[in-house]
Amino acid sequence: MAQLEQATAQWYTEFGDALLSLEHGINAGDHDHVVGVLSESGLTLVQNGHGEAVQRLLARASRSVRDHPAARLADAAAAVAIGNTLAAESTLAALEPSWPPLDGTADRQRLLHESLRVQAAIRTGDLTPALARLSLVDAGTTGDPELDAFVLLQLGRGRLYQGDAAGADGPLRRALAHARAGRSPRTVLHALAALAAASVCRGRVSEAAEFADEAVELGRDADLTHDVETHLAALLGAWCRWIRLEDATESAGTATVALVDLDTDLARAASSLAALFGLATSQDRHGSVAAIHAGGGSSRHRPPPGIAAAVLPSIHSAYLLGGESQWANECVARSAVALPGTGDAVVIDALAHLHDQHLERARKLLVPVLDGNLMCTAATNLITAWLAEAVAAHRRGHRARTHSSLAEALRLAEPESVLRPFHDVDPSIRDLLLDSHGRFGHLGGFADRIVASLPARESGPTEALTPRELELLGELPSWRTAEQIANDLCVSVNTVKTHLRGIYRKLGVTTRRDAVAAAHTRGLL
C-alpha cells in the first residue's frame, strides 16, 4: 500500500495537483516527497484557499515532517489565512532561532518566514519590527513568481498600514506583475485590492477605480466571491464613485450583503460605509446617521490609516448634520487615536473648532497642514483643509485669503474630479464660490460644476430669527438642558422655551435634533 500511495503521489505531482500529491505522500509516509511538495507548493496551496486542508493533512503527518521548516511555514501561512494569527505567530517564533542573521539576502524559506511575520503583524498591530526585518532582504528576486508576489505583497501592505502609501506603491506593482505570472488568481486579486487602497490614500481616484473594478471582475470570474478582498475592493470602488458624487450605494450595499456570510465584523463596517455613501439621498437622515455610527469601530479589523482618514471627515460632517454632537466629538477623539501625528487628525479637529466658531484655534491647527509641514495620509483631506481655511478666512473678513484658499482647493480637486469635500465642509462654500465667480481662470468650469451640484441655501423663514433666537440656536448642539442654558444666558426657563418654540416654528421642525440638522443645512450653525 505504501508503494501504491507513493506512486500515486508522484503521479499527482507530475500532473500538477499538489494537494492530492501531498495527501498521498503523507499516506505513504514519504518524508522527502512531502517536504518537497510543501517547499515547492505549500504557499500556493494556501493562497488558493486550501489552508484548512493543508493543516488537516499535516496533523496526520509524521513528527519529522511536522517539525521541518517547510511544514511549519505552510502551517503558519494557513493559520494566518484562516484568521488564527496567534497560532501563526507562535509557530513563526519557534522557527526564529533556526535562521541566521539577515544580511541582505535570504533563501526561500527565510523570505517566506519574514513575509508571514509581516502578514500576521498587520493584524496584531506590532508591525514596525517585522516590516523592518523584511525590508532588509532583497524581495522579489527568487524567480518563483508565487513566492516573489507574496513577499512583495506583504512588504507593500505593511507600508500601507504604516501610512506610507507612496512607499507601498512600488512593491505592490511588482507584486501584481509577479502574481500575473504565477498560479494563484487569489494573489492577483489581493494585489489589485491593495493597489486600489494605496491609490485611494494617494488621492488617485481614477487609478483606484480601475484597480478596484478589475479586482471585483476577477473575483467574479475566478469564483473568488468567497474571498473578502473581492468585496473590500467593491467598497473601494464605491468610495471612488462617492467622492465624485456618483451613485455608490448599490455596489456598497451588495458588498455589505456578501460580507454578512463571510465576516460579520467587516459586514458592520461595510454597512456603515454604505449608509455614509447613501446619506445624501436618504429619506431617513437620522436613521442613516445612526447606521453610520453603529457600524464604526470594528474590533477585529482595522483599515490602513489612509483608508480610515479618507472617510472620517465626512463621518464627522454627517454627525453634525444629524445633530449628534456627542458622536462628532467621539469622531474627533477617535481620529486622534487612529491617526496620531497626521494632518488628517488635525484637519478633523480643525473642522470641529470651525463648527464651534473657534476660528483662531482652527486656523492655528491648519497652518502646518497647509504649509506642507504635516502630511495627510489621505490626500483628499488636503482639499478639505483648504476649504476649512477658506471658510475661516471668510468668517474673519479676509476676502483675499478666502479666494486664494478656494482656488487652491479647486486646483487639488480638479484633476480627479473630487467633489465630496465641497459638500461636507460647510454650507457656505457655494456662496463663496459664487462670490469669486469668473476669478478662477481655467478652473472656472470646474468651480461652476461644483456650484451646480451644491444645494442653494434656503432663505425665508430662517432670516426672521431674532438675535436672541440665533444665540439660543447656537446652544442647541451642546444638548444641555433648558435650565442649564437659561442659567448661562441669565434668563428664565420659560423664556428659553418660548424662544425654542419660535425657532422650531421658523425652521419648520418639531424636535431639537431636527432643528440642529436644519440649521446646519441652512448655514446657521
Side-chain angles (χ1 to χ4, degrees), residues 38-44 46-47 68-81 85-179 181-182 184 187 190-191 193-195 197-198 201-202 302 304-306 340-342 375 377:
L38 291 173
S39 298
E40 180 69 24
S41 303
L43 177 62
T44 301
V46 172
Q47 287 297 95
H68 193 280
R72 290 190 174 187
L73 288 171
D75 182 63
V80 176
T85 308
L86 293 179
E89 289 189 321
S90 176
T91 301
L92 294 171
L95 276 171
E96 187 64 37
S98 64
W99 305 122
L102 288 167
D103 60 359
T105 59
D107 60 20
R108 290 170 52 88
Q109 291 184 348
R110 184 64 185 277
L111 272 171
L112 181 55
H113 179 268
E114 298 302 333
S115 56
L116 285 171
R117 279 170 53 96
V118 171
Q119 188 184 28
I122 287 173
R123 299 190 179 186
T124 62
D126 190 22
L127 182 57
T128 300
L131 190 59
R133 291 166 64 89
L134 183 58
S135 298
L136 292 175
V137 299
D138 296 327
T141 58
T142 69
D144 179 342
E146 190 66 33
L147 177 60
D148 287 340
F150 182 78
V151 174
L152 288 164
L153 178 59
Q154 304 319 315
L155 178 61
R157 292 182 72 240
R159 291 178 180 174
L160 186 60
Y161 270 85
Q162 280 195 321
D164 182 13
D169 186 75
L172 291 176
R173 289 180 185 275
R174 292 170 61 200
L176 179 60
H178 284 294
S184 173
T187 307
H190 290 189
L195 279 165
C201 297
R202 302 179 74 189
R302 61 186 185 94
T342 66
M375 304 303 294
T377 54

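These values consider heavy atoms only, across backbone and side chains, with no hydrogens, waters or symmetry-generated copies.
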Can you tell me how far [atom2] of [Y] sits from [atom1] of [X], rounded to the nearest 0.5 angstrom?
X      : Y      : atom1 : atom2 : value
Asp107 : Ser39  : CG    : OG    : 10.0 Å
Met375 : Thr377 : CE    : OG1   : 10.0 Å
Leu160 : Leu172 : CG    : CG    : 7.0 Å
Ser115 : Leu131 : OG    : CG    : 11.5 Å
Arg157 : His190 : CZ    : NE2   : 8.0 Å

So, for [X] and [Y], which heavy atoms are closest and what is the spacing to 0.1 Å?
X      : Y      : answer
Arg72  : Ala94  : NH1-CB, 3.8 Å
Ala121 : Asp126 : CB-O, 3.2 Å
Ala120 : Thr85  : O-CG2, 3.5 Å
Leu43  : Glu146 : CD2-O, 4.1 Å
Arg159 : Ser135 : NH2-OG, 4.3 Å
Leu38  : Ala74  : CD2-CB, 4.0 Å

- Message: Any non-hydrogen side-chain atom of Leu195 less than 4.5 Å from a side-chain atom of Asp169?
- Response: yes

- Item | 4.5 Å side-chain heavy-atom contact, Glu89 and Leu86 | yes

- Query: Of the options Gln109, Arg108, Arg110, His68, which is the one that meets Leu73 in a side chain to side chain contact (heavy atoms under 4.5 Å, CB included)?
  - Reply: Gln109

- Tell me the ring pair (Phe, Tyr, Trp, His ring centres under 6.0 Å) pairs involving residues 111-148, sequence neighbours left out? Trp99-His113

- Message: Keeping Arg117 on the side-chain end and Pro129 on the backbone end, is there a donor-acceptor pair under 3.5 Å?
- Response: no

Considering only distance and modelled atom types, tabulate donor-acceptor pairs under 3.5 Å from the side chains of residues 147-156, sequence neighbours left out.
unit_1, atom_1, unit_2, atom_2, d
Asp148, OD1, Thr141, N, 3.4
Asp148, OD1, Thr142, N, 3.1
Asp148, OD1, Thr142, OG1, 2.7
Asp148, OD2, Thr142, N, 3.4
Asp148, OD2, Thr142, OG1, 3.3
Asp148, OD2, Gly143, N, 3.1

- Could you pull out all residues at least two apart from Glu40 that satisfy side chain to side chain contact (heavy atoms under 4.5 Å, CB included)? none

